[in-house]
Amino acid sequence: MTVLGGDPRRYRILDTLREFAVDHLDESRAAALQAAHLRWVRAMSAEVDAGLRGPDTLAWTRRLDAEMPNIHAALARCRHADPAAYTQIVGGIFWYWYRRGHVDEGLRMLRPALTVADDPGIPVVDRLRALCGALVIAYLAGDLDVLRDSMGRLDATLSSAPLDMTSRDDRLAHADAAVTLGFFQGGAGAVESGIALARGALSVATSDGLPQVAAEARMALGAACFRAGDHDAADDELALAVELGCECGYDWLVASALWIHANNDIARGRVHGPAQEKLTEMIAACERIDDLTSWMVAVYTLAYVEFVRGEHEAAACLLGVAEHHGAVTGYRPERMDIIDLASYGHEMTEGIDAQVLGEGMATGRALERAAVAELIRERVAAVGRNPAIG
C-alpha cells in the first residue's frame, strides 16, 4: 500500500491485493463498509454544488478529479438498490461533468434521474437538481431529445413540487430550477415565460442573499432579451450579471454572461473591439477555474469574430484549436448551441477558402494552450492597432 500526501490523505493499493481482500472480506463487514462509503460520497456531493458556484471552484474541480473513482463506485452500487441516493449524488455533481466536458459520462449518469422524476419516495429537492443536471448536460451535448424531455419534466416537477417555501433549502432548489428552466425557455424563444421564471428566481435570490442565483437570473434575463432582439436591455442585464458574478467569485457565470454579451455585440455589428474584449475576459475567467468547455466556446466564437472582420487565416486557426480539443473531450461547441454557434460554424466553413481553411485548421490543431493564448493576444492587439480592419 502506498500513502499519498494531500488533504485528505489518500491510499493506493495494487488491484490484485484489492481483489484478494474483497474476496476474503466477511459479507456483513463488506456491507457495512459499502454503506459507510455511500454515506461519505453523499455527504461530499451535497457540498459540491455550492463549491462549484463560487470562489472555490478550482479546488473543488480538482478534488472531484481525484474522487471520481469513489463516486463511480458509489453510483454503480446504488443505481438500482437506492434510487434516492443515486439521484442526490448526480444532482449534486453534474456541474463537474459540464465544466470538464465529460458529455457522454454526464448524460449516461443522469439518464436514470429522468425515470424517477415523479417518484414521491425521492426528495423533490434532489429530483429538481438532477433534472437541472440532465437539462444542462443535454444542452452541452446537443442532444435535443433529452433536452426537450428534461425541460418538460423539470417544468412539470417545478409546477407541482410539494416544496416547503418556508425552508431556505427548498427556496434555493426552487430558485435554481426556475432560473435553469427560464434560461432555456428564453433561449428557445419562449421569452415571456423565461423572463417570468428568471424574475421569480431573482426575487428569491435577493430576499435570501443568494448572489450566485441572482447573477444567474440576470444572465437568464439578458439571454431572453438578446433572443427577443432587445439588445439594449440585454446589454444592461448581462453587464449586471458579470458584475454580480465577479463580486461573489463565480467565474463560470462571469464567462457565460460575457459570452452571451459578446454574441449581443456580434448581432449589433460591434466586432472591432467590444466583442473581442469580452471574449478575452471570458477566456481569462475560464483559465482561472480550468473550465475547458467554456474556453472552447470562447475560442470558437472568437474565430467567428475574426471571420466577420475578414481575418480568415486567424479564424481557421482558431477553428482548428476548437476541433482539436473537441476530439480529445468529445465536446463540440457548435453542437451545444444550434442557434448561434452552429450558424457561425456554417458561415465559416462555407465562407473561407478551402485551402485557407484546411491549412489554418491544421496549424490550430497543433497549438498548445500557451500558444493559443499568445495568438489571441496578438489578434486583440491587432484590433486595437487598426479598428477599421474588415
Side-chain angles (χ1 to χ4, degrees), residues 53 132 135-136 139-140 147-148 151 154-155 158 174-207 210-248 250-282 285 294 297-298 300-302 304-305 308 333-334 336-344 347:
R53 295 165 75 190
C132 287
L135 178 53
V136 300
Y139 167 68
L140 192 71
L147 190 148
R148 283 190 288 263
M151 281 184 68
L154 181 58
D155 193 6
L158 185 62
H174 185 276
D176 280 344
V179 77
T180 302
L181 185 60
F183 178 85
F184 285 103
Q185 285 189 350
V191 174
E192 291 184 6
S193 176
I195 287 175
L197 285 164
R199 284 179 175 161
L202 181 60
S203 177
V204 173
T206 303
S207 64
L210 302 169
Q212 288 86 352
V213 179
E216 291 168 349
R218 290 293 185 187
M219 182 175 72
L221 288 168
C225 292
F226 166 62
R227 194 57 62 204
D230 189 346
H231 299 298
D232 287 339
D235 277 342
D236 293 342
E237 293 292 353
L238 293 166
L240 279 172
V242 172
E243 181 181 345
L244 288 168
C246 288
E247 288 175 358
C248 63
Y250 191 2
D251 278 323
W252 175 84
L253 182 284
V254 170
S256 298
L258 284 167
W259 174 62
I260 302 169
H261 209 168
N263 283 325
N264 199 50
D265 284 337
I266 292 168
R268 305 185 81 164
R270 300 190 300 206
V271 295
H272 305 297
Q276 291 93 330
E277 290 170 4
K278 292 179 181 66
L279 292 169
T280 303
E281 291 178 34
M282 176 183 177
S294 299
V297 167
Y300 198 94
T301 308
L302 189 56
Y304 182 68
V305 173
V308 172
E334 69 274 25
M336 175 194 77
D337 179 16
I338 61 173
I339 299 176
D340 296 310
L341 292 181
S343 175
Y344 296 168
E347 287 187 49

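Values in this document were obtained by computation on a predicted structure and should not be read as measured data.
Listed here is the closest heavy atom pair of Tyr139 and Asp337: OH-CB, 4.4 Å. For Ala267 against His231, the heavy-atom pair with the smallest separation is CB-CE1, 3.7 Å. Closest approach of Asp176 to Thr180, counting heavy atoms only: O-OG1, 2.8 Å. Contact between Ala342 and Glu334 at its shortest, heavy atoms only, is CB-O, 3.6 Å. For the pair Ile266 and Ala275, the tightest heavy-atom approach, listed with the atom from each and the gap, is CG1-CB, 4.3 Å. The two residues Met151 and Leu135 come nearest to each other via the heavy atoms CG-CD1, 3.3 Å.
Here the straight-line distance linking atom CZ of Phe226 with atom CZ of Arg268 works out to 11.0 Å at 0.5 Å rounding. Taken to the nearest 0.5 Å, the CD1 atom of Ile260 stands 9.0 Å off from the CE atom of Met282. We find the CG-CG distance between Leu154 and Leu181 to be 5.0 Å, quoted to the nearest 0.5 Å. Between Asp265 atom CG and Asp235 atom CG the span is 6.5 Å, to the nearest 0.5 Å. Expressed to the nearest 0.5 Å, how far CG of Leu253 lies from CD of Gln212 amounts to 8.5 Å. The structure places CD of Glu237 at 8.5 Å from CD1 of Ile195, a figure rounded to the nearest 0.5 Å.
Residues Ser256 and Met219 form a side-chain contact, since some pair of their non-hydrogen atoms from C-beta on lies under 4.5 Å apart. You'll find the side chain of Trp259 stays beyond 4.5 Å of the side chain of Ser294, heavy atoms only. At least one side-chain heavy atom of Gln185 sits less than 4.5 Å from a side-chain heavy atom of Asp155. Counting heavy atoms from C-beta on, the side chains of Phe184 and Val136 come closer than 4.5 Å. Between Pro333 and Val297, some side-chain heavy-atom pair lies under the 4.5 Å cut-off. The shortest distance between side-chain heavy atoms of Val305 and Leu279 falls below 4.5 Å.
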Assess whether side chain to side chain contact (heavy atoms under 4.5 Å, CB included) is satisfied between Asp340 and Arg227, documenting all intermediate values.
-> CA-CA 10 Å; Asp340 296 310; Arg227 194 57 62 204; 2.9 Å; yes
Intermediate values then yes/no, side chain to side chain contact (heavy atoms under 4.5 Å, CB included), Leu158 and Leu197 | CA-CA 11 Å; Leu158 185 62; Leu197 285 164; 4.2 Å; yes
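Heavy-atom contacts from other residues, nucleotides or ligands closer than 6.0 Å to CZ of Arg199 number 12 or fewer. More than 12 heavy atoms of other residues, nucleotides or ligands sit less than 6.0 Å from atom CD of Glu347.
Inspection of the Asn263 and Tyr344 side chains reveals an N or O donor paired with an N or O acceptor under 3.5 Å.
A salt bridge between Glu216 and Arg53 is present, with a side-chain N of the basic residue lying under 4.0 Å from a carboxylate O of the acidic one.
Judged purely by atom type and a 3.5 angstrom limit, Asp230 has no side-chain atom pairing as donor or acceptor with the backbone of Cys225. Within the 3.5 Å criterion, the main-chain N or O of Gly273 finds a donor-acceptor partner in the side chain of Gln276.
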